[in-house]
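Reading through the structure tokens given below for one structure.
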Amino acid sequence: LEALKALLLGLACNQSTSDVELNISTNCLGAGGAAVMEHALPGVSCVSRLDLSENLLDAELGSVVQGVTRMKSLLSLNISKNLPKIKAKEVAHVMEAIFQLIQEEDSSLQKLNLSDCKLKTDINNVINALGSNQCLQVLDISGNGMGDVGARLLAKALQINTRLKNLHLDRNSISLQGYQDITYALQCNHSMRHIPFPTWDLQPAMKTSPERVDAIIRRMQDHLQRNSNPKLKPKTFRLTQGFLRSEERRVGKECRSRWS
């Protein structure tokens, strides 16, 4: 922890450096490291990209995010995989801090990674905040199990959001209906350009309703392509049976590796 404190204080005193990428992920910093970061990070103005993922912060992530909110030069923040043992009663404090980070009017934050936090319905307020957010361009909320309720809220937010360009949301227990809601919302959205294929979520539907998956994903890709290059005519996007089988095998391998 002393090394962390010295590092952050050194960066805070540095007036000649800018646009620094600071990666202190996977260091098991815990509550002690969170206390250091809460007080030291607001004074660091030279860091524009910050990776705090996999540090076992749990409930203390809220106080760290409060400190990060005061870093007005920050463009990218990764706080993924930080809630492995958080108690249910402590989640609200963390989510309120993240909500305030997104709602901050003079924020410069363009990229946020909140993946693999297993937030489920606790992520709903953050999703609602996306509707009025005017800074985020890249968002990763994959691996949170938000389900179709979260998908519907996301669809509503996307109908009015004008900044978000890249969205990762696989491994959220979203059904084909949920992705249909999101695809419908993209008709009104002219900023979103990239949504990676949700292989994990759509694996069951690829087995039972491949034609419907094909139709929905094709429409989604048409909307994304329209936004990426409005002058081009939509290209045909079709999921072949070979693609479906290869994706099923790939996900099967992932499942086995995760549980082996």
Side-chain angles (χ1 to χ4, degrees), residues 1-86 90-91 93-119 123 126 129-130 133-144 163-169 194 196:
L1 295 184
E2 289 301 319
L4 175 64
K5 184 183 298 185
L7 171 64
L8 296 180
L9 290 178
L11 289 171
C13 295
N14 192 320
Q15 300 298 318
S16 59
T17 304
S18 62
D19 196 25
V20 172
E21 179 176 356
L22 179 60
N23 187 337
I24 49 179
S25 63
T26 324
N27 276 295
C28 301
L29 296 176
V36 172
M37 290 187 287
E38 178 187 5
H39 294 97
L41 284 175
V44 179
S45 59
C46 62
V47 171
S48 60
R49 288 154 291 168
L50 180 61
D51 189 343
L52 304 176
S53 60
E54 290 191 86
N55 270 305
L56 305 178
L57 298 178
D58 288 313
E60 304 305 322
L61 178 60
S63 60
V64 174
V65 172
Q66 289 175 345
V68 168
T69 302
R70 294 157 61 189
M71 299 176 67
K72 302 306 179 184
S73 61
L74 194 64
L75 301 177
S76 174
L77 175 65
N78 186 344
I79 50 176
S80 63
K81 303 178 181 179
N82 260 310
L83 306 176
K85 296 181 180 179
I86 193 169
E90 298 170 332
V91 176
H93 168 66
V94 174
M95 298 315 298
E96 177 61 23
I98 297 174
F99 176 83
Q100 293 300 329
L101 171 69
I102 294 176
Q103 290 289 83
E104 189 72 16
E105 290 185 1
D106 57 348
S107 173
S108 300
L109 191 65
Q110 298 177 4
K111 183 176 181 180
L112 176 62
N113 189 333
L114 194 58
S115 64
D116 295 303
C117 288
K118 301 178 181 178
L119 292 168
I123 201 173
V126 170
L130 294 176
N133 180 271
Q134 294 297 312
C135 59
L136 280 180
Q137 297 182 27
V138 181
L139 177 65
D140 190 340
I141 52 174
S142 57
N144 276 294
R163 296 290 292 174
L164 205 57
K165 297 179 179 179
N166 193 317
L167 178 64
H168 297 253
L169 45 80
H194 182 60

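- For the pair Leu119 and Leu114, the minimum side-chain heavy-atom distance is below 4.5 Å.
- With values rounded to the nearest 0.5 angstrom, Ile141 atom CD1 is found 7.0 Å from Leu130 atom CG.
- For the atom pair OG of Ser63 and CG of Leu57, the computed distance is 8.0 Å after rounding to the nearest 0.5 Å.
- With rounding to the nearest 0.5 angstrom, the CD1 atom of Ile79 is 6.5 Å from the SG atom of Cys117.
- When atom types are taken as modelled, the side chain of Asn82 and the backbone of Leu52 share a donor-acceptor pair closer than 3.5 angstrom.
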Return all side-chain donor-acceptor pairs below 3.5 angstrom for residues 27-44, not counting sequence neighbours, or 'none' if the list is empty.
{"unit_1": "Asn27", "atom_1": "ND2", "unit_2": "Ile24", "atom_2": "O", "d": "3.0"}
{"unit_1": "Asn27", "atom_1": "ND2", "unit_2": "Ser25", "atom_2": "O", "d": "3.0"}
{"unit_1": "His39", "atom_1": "ND1", "unit_2": "Ala35", "atom_2": "O", "d": "2.9"}

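- With contacts defined as side-chain heavy-atom distances shorter than 4.5 Å, the pair Leu8/Leu22 qualifies.
- For the atom pair CD of Glu104 and SG of Cys135, the computed distance is 9.5 Å after rounding to the nearest 0.5 Å.
- Residues satisfying the side chain to side chain contact (heavy atoms under 4.5 Å, CB included) test with Ile102, not counting sequence neighbours, are Ile98, Leu112, Val126, Ala129, Asn133, Leu136.
- Proximity of Leu77 to Leu101: side-chain heavy atoms (C-beta onward) are separated by under 4.5 Å at one or more points.
- Residues Leu164 and Val138 come closest through the heavy atom pair CD1-N, 4.0 Å.
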Please assess Val47 against Met71 for the test side-chain contact (heavy atoms from CB on, under 4.5 Å), listing each intermediate value before the final yes or no. CA-CA 8 Å; Val47 171; Met71 299 176 67; 4.2 Å; yes
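- For Ser48 (side chain) and Ser73 (main-chain N/O), no donor-acceptor pair under 3.5 Å exists by modelled atom type.
- Between Ser16 and Asn14, the side chains place a donor N or O and an acceptor N or O closer than 3.5 Å (distance only, hydrogens not considered).
- Going from atom CZ of Arg49 over to atom CG of Asn78 covers 13.0 Å, rounded to the nearest 0.5 Å.
- Applying the salt bridge (Lys or Arg N to Asp or Glu O under 4.0 Å) criterion to Glu96, with sequence neighbours excluded, gives no partner residue.
- Considering only heavy atoms from C-beta on, Gln110 stays 4.5 Å or farther from Ser108 through its side chain.
- Asn113 places a side-chain N or O within donor-acceptor distance of the main-chain N or O of Ser115, the cut-off being under 3.5 Å.
- Between the side chains of Ser80 and Asp116, no donor N or O sits under 3.5 Å from an acceptor N or O.
- To the nearest 0.5 Å, the span separating CG on Leu109 from CD on Gln137 amounts to 10.0 Å.
- In this structure the side chain of Gln66 reaches within 4.5 angstrom of the side chain of His93, judged on heavy atoms.
- Although no hydrogens or angles enter the test, the distance criterion places a donor-acceptor pair under 3.5 Å between the side chain of Asn144 and the main chain of Lys118.
- Listed for the Arg163 side chain is a donor-acceptor partner under 3.5 Å among the backbone atoms of Gln134.
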